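Treat the numbers as computed from the prediction; the structure is a model and nothing was measured.
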Amino acid sequence: MAAAKILSLLALFILGFMASHVVSRTLNRDMAVKESHEQWMANYGRVYKDAVEKLHRLEIFKANLKLIESFNAADHKFKLGANQFADLTNEEFKAIYNGFKPSSKKLSTASSSSFRYENVSAAPASMDWRTKGAVTPVKDQGQCGCCWAFSAVAAMEGINKLSTGKLISLSEQELVDCDTAGEDQGCNGGLMDDAFEFIIKNKGLTTESNYPYQGTDDSCNSKKSANHAAAITGFEDVPANSEAALLKAVTNQPISVAIDAGGYAFQLYSSGVFTGDCGTDLDHGVTAVGYGTASDGTKYWLVKNSWGSSWGEKGYIRMERDVDAKEGLCGIAMQASYPTA
């Protein structure tokens with residue numbers, strides 16, 4: 001009996017020790033996450049309205065950190081990280097930062113049958129329009145769903161450089177404020193073809209410095225909008241659902257593309273060739289500014305985003321190219337277009 005009692009007490013002691021150890025480890029983990037959140041807040045200048053909001057964001061941050069650690073522990077071609085979106089749920093992220101509105105409408109200036117690069121027969125193994133001086137620094141749309149404006153402007157900046165020899169940073173805010181008669185609705189979303197249509201009718205766009213970005217919907221400043229710095233004569237759609245056609249286009253100029261960027265992997269993307277799960281529910285406008293092949297042989301598209309330089313690879317993402325789906329990864333080959341000089 002005495003031996004049994006001793007064993008019972010020993011078992012209780014061991015269980016108590018283990019429970020205490022688990023509690024201690026949990027507390028240490030929670031403290032480490034809290035410290036990481038404080039450092040993250042300092043890095044990104046994040047300030048919350050009160051203690052309740054801060055605690056709420058801490059819990060989301062904690063869940064995202066767990067997701068990031070679990071994902072990065074597995075064998076993937078890309079990594080996730082605690083970027084500026086790490087305190088947002090995926091639902092919040094999609095609602096705030098994506099703003100492409102797919103349209104089946106064919107605009108008058110775009111010719112569905114005209115594709116000037118159709119007969120391009122030889123494409124280089126890689127292309128990076130940044131090295132050719134045709135890409136401005138990465139910009140940040142902030143909490144305004146006007147990705148469509150940044151995509152269109154980046155493509156226009158590229159063709160303007162190629163046709164005039166001058167790289168000029170053009171105004172997204174002009175599109176946000178002034179291109180509101182059709183489907184484009186500023187921070188509430190739009191599409192690149194409509195933006196090109198507006199630019200043609202307006203006879204150009206002004207510079208970023210003349211009409212700086214505010215990240216909000218404001219009334220159109222017609223005086224600034226009339227001060228044109230660059231113009232386009234038309235635009236064309238890349239034949240849909242063909243990465244081969246998209247390659248021909250990107251070989252010749254930066255191209256506006258629409259993608260499905262709604263998943264958590266896109267939200268928290270940090271580096272590598274993105275091969276993540278995504279569909280073809282197009283919700284974000286970006287710009288394809290090149291392509292290449294990674295060291296492991298994975299082919300990719302080089303894509304300029306508009307979420308600032310702290311996201312992804314200094315504001316860029318490499319997305320897997322030549323996938324089995326005709327639409328391309330995340331639908332990148334579905335609704336591509338480009339302005340013409």
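Ring centroids of Tyr213 and Phe150 are separated by less than 6.0 Å, placing the two rings close together. Outside the 6.0 Å centre-distance limit, the rings of Trp301 and Phe274 are not counted as a close aromatic pair. For Tyr44 and Phe85, the ring centers are positioned 6.0 Å apart or more.
For the residue pair Ser151 and Ser256, a side-chain donor N or O sits within less than 3.5 Å of a side-chain acceptor on the partner. Counted by atom type alone, Thr136 and Glu157 present one or more donor-acceptor pairs between their side chains at under 3.5 Å. Counted by atom type alone, Lys224 and Ser171 present zero donor-acceptor pairs between their side chains at under 3.5 Å.
A single hydrophobic cluster is not seen to contain both Ile60 and Leu80; linkage of ILVMFWY side chains at heavy-atom distances under 4.5 Å, directly or through other members, places them apart.
A donor-acceptor pair is defined here as one N or O able to donate and one able to accept, closer than 3.5 Å; such a pair exists between the side chain of Glu313 and the backbone of Gly272.
Interatomic distance, Leu246 CG to Ile255 CD1, rounded to the nearest 0.5 Å: 7.0 Å. Going from atom CG of Asn252 over to atom CH2 of Trp129 covers 6.5 Å, rounded to the nearest 0.5 Å. Note: Leu175 CG to Asn202 CG = 9.0 Å, rounded to the nearest 0.5 Å. Rounded to the nearest 0.5 Å, atoms CZ (Arg57) and NE2 (His37) are 9.0 Å apart. A distance of 5.5 Å separates CG in Leu170 from CE in Met156, rounded to the nearest 0.5 Å. With values rounded to the nearest 0.5 angstrom, Lys201 atom NZ is found 4.5 Å from Glu197 atom CD.
Between Phe266 and Trp307, the ring planes are perpendicular. Angles over 60° get that label, and only those under 30° would be called parallel.
In this structure, Arg130 satisfies the cation-pi test against Tyr316, with its NZ or CZ atom closer than 6.0 Å to the six-membered ring centre and inside 45 degrees of the ring normal.
Residues Leu268 and Asn83 have side chains in contact (heavy-atom distance under 4.5 Å, counting atoms from C-beta outward).
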Exercise. Test Tyr117 against Gln253 for side-chain hydrogen bond (donor to acceptor under 3.5 Å, both in side chains), laying out the working first.
Key: CA-CA 10 Å; Tyr117 302 125; Gln253 65 182 92; 2.6 Å; yes

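Under the 4.0 Å criterion applied to side-chain N and carboxylate O atoms, Asp283 and Lys94 are not assigned as salt-bridge partners.
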